[in-house]
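Quick notes on the structure that follows.
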Protein chains: 2
Amino acid sequence: MAIEYAILGLLSWRPFSGYELRKFFSESVALYWSGNSNQVYPTLVRLHKEGLVENEVRQRGNYPPSKVYSLTMAGEEALTGWVTAAPAVSQIRSTFLTQLAWADRLTSEELDSLLNHYQHELQLKLLMQRELIRRKPAEPARTSREVLLWKMIADHDCALYEAEVDWLGRLRQALVKEE
Amino acid sequence: MAIEYAILGLLSWRPFSGYELRKFFSESVALYWSGNSNQVYPTLVRLHKEGLVENEVRQRGNYPPSKVYSLTMAGEEALTGWVTAAPAVSQIRSTFLTQLAWADRLTSEELDSLLNHYQHELQLKLLMQRELIRRKPAEPARTSREVLLWKMIADHDCALYEAEVDWLGRLRQALVKEE
DNA sequence: GTAGTCATGTAAGACGTTACATGATTCT
DNA sequence: AGAATCATGTAACGTCTTACATGACTAC
């Protein structure tokens with residue numbers, strides 16, 4: 001499970017409560033998880049059982065108490081171990097490709113409209129991603145190298161979306177030639 | 001669920017048994033599902049209940065009988081409807097990026113080794129993908145346009161892997177400059 | 001006789017999602 | 001008065017995976 005390491009990573013910066021972790025995930029460009037509670041809270045409980053994190057309950061008057069988690073030594077080691085581990089190439093799973101696989105059922109006009117639609121969606125995603133990056137350079141990185149890494153991580157998705165736009169361009173050209 | 005449309009799509013070519021569908025999925029480059037039985041058989045039962053497919057039980061002596069499925073008119077329509085529907089851009093989820101997010105814990109040498117490792121993995125994937133495409137142009141497409149579509153679908157993953165190699169190159173260059 | 005293929009299906013579990021439950025406080 | 005935020009957690013469900021159960025036939 002990768003989210004457990006994302007959590008350990010955030011705790012390596014500073015202590016977080018479950019609520020704060022969820023908020024961070026939901027706003028982060030790089031850490032893609034939605035930040036839903038059903039994933040964060042049980043993971044924290046498990047990490048606690050495994051001795052990788054410890055928590056301090058903070059009472060705030062009549063507020064619900066919050067559990068502020070921080071890394072243990074074992075947690076530090078687990079994080080470093082994972083970061084060093086052999087990286088795996090992630091699988092690409094595009095529903096659109098499955099749609100395209102049977103797009104021969106469509107007329108040339110319908111197919112063109114489908115591709116056009118997808119191109120617009122891609123360009124919209126690209127714009128949104130770039131806007132998110134522009135607005136939110138405020139990840140609390142501590143060294144210039146970490147700033148660079150987070151910048152490149154955010155750039156990664158842009159690079160792939162651009163590659164898809166290019167691919168789509170080649171596909172459309174090939175279709176025009178084919179006619 | 002996209003696999004249900006992938007199944008409808010295959011059945012639009014010709015009748016398939018569940019076993020044949022699983023085999024097709026497990027060998028296909030474009031249709032990325034593993035072809036595990038727990039996904040294929042229940043889906044066929046559901047599609048049958050919904051009236052999108054019908055089956056004919058084929059008895060073969062003492063062999064286990066096989067259920068050969070084919071599309072109904074409603075199935076044809078459902079497939080066409082889905083192919084025409086608004087395409088969605090798929091989310092990119094790379095565990096490697098999460099690993100990179102806390103790679104500032106590593107020394108320059110360790111980080112370089114991590115990036116090197118990932119680059120090798122990427123290039124291996126690219127080679128494997130290209131080899132799969134070279135070996136297996138035998139998808140039973142019926143029109144030259146469909147041949148083109150399936151070629152571009154197989155090419156899609158290559159294009160993205162190449163983009164990732166480029167991105168990695170930019171990252172490494174930026175890191176060298178940074179030092 | 002051992003492994004592989006043909007053929008159906010179930011069990012259990014990893015990972016992710018939305019929606020719900022609860023309850024106080026703070027902002028408009 | 002109503003909505004948003006702070007803060008925990010559970011329920012239900014969707015998708016996908018590996019592994020198991022069963023049983024006959026086929027090729028080495």
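Numbers restart at 1 for each chain; the letters A, B, ... are given by sequence-line order, proteins then strands.
- Nearest nucleotide to the side chain of A:Asn36, out of C:dT17, D:dC16, C:dG16: C:dT17.
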Show which side-chain atoms of residues 101-108 of chain A pair as donor or acceptor with protein atoms under 3.5 Å away, not counting sequence neighbours.
residue: A:Trp102; atom: NE1; partner: B:Gly9; partner atom: O; Å: 3.0
residue: A:Asp104; atom: OD1; partner: B:Thr143; partner atom: OG1; Å: 3.3
residue: A:Asp104; atom: OD1; partner: B:Arg145; partner atom: NE; Å: 2.9
residue: A:Asp104; atom: OD1; partner: B:Arg145; partner atom: NH2; Å: 3.3
residue: A:Asp104; atom: OD2; partner: B:Thr143; partner atom: OG1; Å: 2.7
residue: A:Arg105; atom: NE; partner: B:Thr80; partner atom: OG1; Å: 3.1
residue: A:Arg105; atom: NH2; partner: B:Glu76; partner atom: O; Å: 3.4
residue: A:Arg105; atom: NH2; partner: B:Glu76; partner atom: OE1; Å: 2.5
residue: A:Arg105; atom: NH2; partner: B:Thr80; partner atom: OG1; Å: 3.1
residue: A:Thr107; atom: OG1; partner: A:Glu110; partner atom: N; Å: 3.1
residue: A:Thr107; atom: OG1; partner: A:Glu110; partner atom: OE1; Å: 3.4
residue: A:Ser108; atom: OG; partner: A:Glu179; partner atom: OE2; Å: 3.1

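- Axis angle between the ends of the helix from C:dG1-D:dC28 to C:dT28-D:dA1, five pairs each and rounded to 10 degrees, works out to 20°.
- The list of salt bridge (Lys or Arg N to Asp or Glu O under 4.0 Å) pairs with a residue in residues 147-161 of chain B, not counting sequence neighbours, reads A:Arg170-B:Asp155.
- For residues 105-134 of chain A, the set of pairs meeting the ring pair (Phe, Tyr, Trp, His ring centres under 6.0 Å) definition, not counting sequence neighbours, comprises A:Phe96-A:Tyr118.
- Under a 4.5 Å side-chain heavy-atom cut-off, the cluster of Ile, Leu, Val, Met, Phe, Trp and Tyr residues that includes A:Met73 has no other member.
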Would you list the protein and nucleotides 8-10 of chain D atom pairs, both N or O, that sit under 3.5 Å from each other?
residue: D:dT8; atom: OP1; partner: A:Lys67; partner atom: N; Å: 3.0
residue: D:dT8; atom: OP2; partner: A:Tyr19; partner atom: N; Å: 2.4
residue: D:dT8; atom: OP2; partner: A:Tyr41; partner atom: OH; Å: 3.1
residue: D:dG9; atom: OP1; partner: A:Lys67; partner atom: NZ; Å: 2.6
residue: D:dG9; atom: O6; partner: A:Ser37; partner atom: OG; Å: 3.0
residue: D:dT10; atom: O4; partner: A:Ser37; partner atom: OG; Å: 3.3

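- Here the side chains of A:Gln99 and B:Trp82 are in contact, with some heavy-atom distance below 4.5 Å.
- Under the rule for a salt bridge (Lys or Arg N to Asp or Glu O under 4.0 Å), A:Arg22 has no partner lying at least two apart in sequence or in another chain.
- Taking atom CG of residue A:Leu31 and atom P of nucleotide C:dC15, one finds them 17 Å apart after rounding to whole Å.
- Distance B:Lys23 NZ to C:dG4 P: 15 Å, rounded to the nearest Å.
- Distance A:Tyr5 OH to C:dC15 P: 10 Å, rounded to the nearest Å.
- The separation between A:Gln59 atom CD and C:dT25 atom P is 13 Å, rounded to whole Å.
- When heavy atoms are screened at a 4.0 angstrom cut-off, A:Arg58 is found touching no nucleic acid atom at all.
- The residues B:Glu131 and B:Arg134 are annotated as salt-bridged, a charged nitrogen and a carboxylate oxygen being separated by less than 4.0 angstrom.
- Distance, A:Gln39 CD to C:dT18 P: 11 Å, rounded to whole Å.
- Spacing between atom CD of B:Gln91 and atom C1' of C:dC15 amounts to 14 Å, rounded to whole angstrom units.
- Not counting sequence neighbours, the partners of A:Glu178 by the side-chain hydrogen bond (donor to acceptor under 3.5 Å, both in side chains) test are B:Ser144.
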Contacts table for residues 39-48 of chain B: side-chain donor-acceptor under 3.5 angstrom, sequence neighbours left out:
residue: B:Gln39; atom: OE1; partner: B:Asn36; partner atom: ND2; Å: 3.3
residue: B:Thr43; atom: OG1; partner: B:Gln39; partner atom: O; Å: 2.5
residue: B:Arg46; atom: NH2; partner: B:Glu4; partner atom: OE1; Å: 2.2

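- For the pair B:Ser34 and D:dT17, the criterion of a side-chain N or O lying under 4.0 Å from OP1 or OP2 is met.
- Atom CZ in B:Phe25 sits about 14 Å away from atom C1' in D:dT15, given to the nearest Å.
- Note on B:Arg93: every side-chain N or O is 4.0 Å or more away from OP1 and OP2 of D:dC16.
- The interatomic distance linking A:Trp33 (CH2) with C:dA14 (C1') rounds to 14 Å, in whole Å.
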